[in-house]
Amino acid sequence: METENQSKIPQFLLLGLSEDPNMQPLLFGVFLSMYLVTVLGNLLIILASISDPRLHTPMYFFLSNLSFTDICFTSTTTPRMLVSIQTQNKAISYISCLTQVYFLMIFAGLDSFLLSVMAYDRFVAICHPLHYTVIMNPRVCAQLLLLCWLVILCVSMLHILLMTRLTFCVGTEIPHFFCELAQVLRVACSDAEINNIVLYVATALLGMIPLGGILYSYSQIVSSLMRMSSRKGKSKAFSTCGSHLSVVSLFYGTGLGVHMSSAATHASEKSFVASVMYTVVTPMLNPFIYSLRNKDVKGALGRLLSRAISYQ
């Protein structure tokens, strides 16, 4: 197989979810529906958080940013996949593939960081309620969000810069429906050992440090709730924490499935299912989890929809 520098390679081939032509209309309909539900659901969360003064708190500030991140996360892969299914064109240019890798890493990392920051917010609210407004003031919230962006932008750019030193064979096929970093490194024709080392280290640090922060925050929250005598206070705490824990479990559970399946030598049906869950299903379910389990969000959404109907 002839090997060329990446700058001379016109395109890669994404093999997609299925090569069966009879499955393409079904896949297109399912993923289009899921994408529209994801965008609409998360957009409603953002609009409710902005429009309702009751939700002008740090918790819902981070929740609206999480919803924005989820929209961007699924928009990085799903529209491109829908176009590929509709046109039956599996080709993707080298630049487009690297761009997709870059933004996937950004928004996946932001999801992880935001979930950790939201756990810290709940920790301060429950364990230090008297100092909550001082600790989680608007300036601190903005600084935490900015820090999340700066860290993940730098790490993602490091991966992309390391990828530019790799070469790929002509007609390279990627056994996936999007350009995932691990899969792209696997099909490189040059030595990608440094890239893989950086990938493993970055995944461990950016995954385990936020998860460790979440686990520590909730260990302190549980300890504080055990000492709380008010049933009403416990119920409200469990309501907000329950929604967040559900999202955390879904995100890290599907993320772990993706990384475990990516460790396999060849793509399999399980790896495709894990990737779909991670990039499409999880962002779609997050707004439902928060709206169904959180009275404040349900109330804000109800008032938002009522105003929208009254304007018609």
Side-chain angles (χ1 to χ4, degrees), residues 34-76 78-79 103 106-126 129 132-153 210 214 236-237 239-248 250-251 279-312:
M34 294 172 70
Y35 178 67
L36 293 176
V37 170
T38 300
V39 173
L40 179 61
N42 283 288
L43 189 60
L44 284 174
I45 294 290
I46 295 172
L47 292 175
S49 299
I50 294 173
S51 64
D52 197 314
R54 298 178 183 85
L55 301 188
H56 291 175
T57 63
M59 175 183 173
Y60 297 107
F61 168 74
F62 292 121
L63 176 58
S64 61
N65 276 277
L66 180 67
S67 293
F68 170 76
T69 301
D70 282 339
I71 291 174
C72 296
F73 187 32
T74 193
S75 296
T76 306
T78 308
F103 285 106
I106 288 175
F107 296 119
L110 276 176
D111 260 354
S112 180
F113 285 149
L114 285 170
L115 290 173
S116 181
V117 171
M118 291 170 74
Y120 174 70
D121 172 74
R122 291 299 84 205
F123 159 70
V124 176
I126 295 171
Y132 179 71
T133 55
V134 176
I135 297 174
M136 298 301 294
N137 62 68
R139 182 179 179 182
V140 170
C141 293
Q143 289 173 340
L144 286 172
L145 181 62
L146 179 61
L147 179 62
C148 292
W149 273 98
L150 288 176
V151 171
I152 198 61
L153 284 173
I214 292 171
K236 186 174 182 179
S239 174
T240 56
C241 291
S243 301
H244 180 256
L245 277 174
S246 299
V247 172
V248 168
L250 190 61
F251 176 80
T279 60
V280 182
V281 178
T282 297
M284 180 183 70
L285 292 180
N286 285 354
F288 289 101
I289 293 172
Y290 270 103
S291 61
L292 292 175
R293 295 180 60 91
N294 191 303
K295 293 181 180 179
D296 293 335
V297 175
K298 282 193 290 187
L301 287 173
R303 288 185 288 272
L304 178 64
L305 294 175
S306 296
R307 287 198 296 270
I309 294 172
S310 65
Y311 288 149
Q312 292 180 352

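The first residue of the sequence shown is numbered 1, and numbering continues consecutively from there.
Sparse packing is recorded around CZ of Phe68, with 12 or fewer heavy atoms of other residues, nucleotides or ligands lying under 6.0 Å away.
A donor-acceptor pair under 3.5 Å links the side-chain atoms of Thr69 to the main chain of Asn65, judged by distance alone. Between the Thr76 side chain and the Cys72 main chain, a donor and an acceptor come within less than 3.5 Å of each other. Between the Asn137 side chain and the Val134 main chain, a donor and an acceptor come within less than 3.5 Å of each other. Formation of a donor-acceptor pair under 3.5 Å by the Ser112 side chain with backbone atoms of Ala108 is not found in this model. Put simply, the side chain of Ser64 gets close to the backbone of Phe61: a donor and an acceptor are under 3.5 Å apart. Remark: side-chain polar atoms of Asn42 are paired, donor with acceptor, to backbone N or O of Pro283 under 3.5 angstrom.
In terms of heavy atoms, Ile45 sits closest to Leu63 at CG2-CG, 3.9 Å. Closest of all the heavy-atom pairs between Tyr290 and Met118 is OH-CE, 3.1 Å. Of all heavy-atom pairs between Pro58 and Met136, the closest is CG-O, 3.3 Å. Between Val37 and Met284, the shortest heavy-atom contact is CG1-CG, 3.7 Å.
The shortest side-chain heavy-atom distance between Ile106 and Trp149 falls under the 4.5 Å cut-off. Residues Leu250 and Ile289 have side chains in contact (heavy-atom distance under 4.5 Å, counting atoms from C-beta outward). Taking the side chain as every heavy atom from C-beta outward, Tyr60 and Asp52 never approach each other to under 4.5 Å. Residues Thr38 and Val281 form no side-chain contact, since every pair of their non-hydrogen atoms from C-beta on lies 4.5 Å or further apart.
The aromatic rings of Phe103 and Phe107 sit parallel to each other, their planes meeting at less than 30°, with 60° as the upper class boundary.
Separating the CG atom in Asp70 from the CG atom in Asp111 is a distance of 4.5 Å, to the nearest 0.5 Å.
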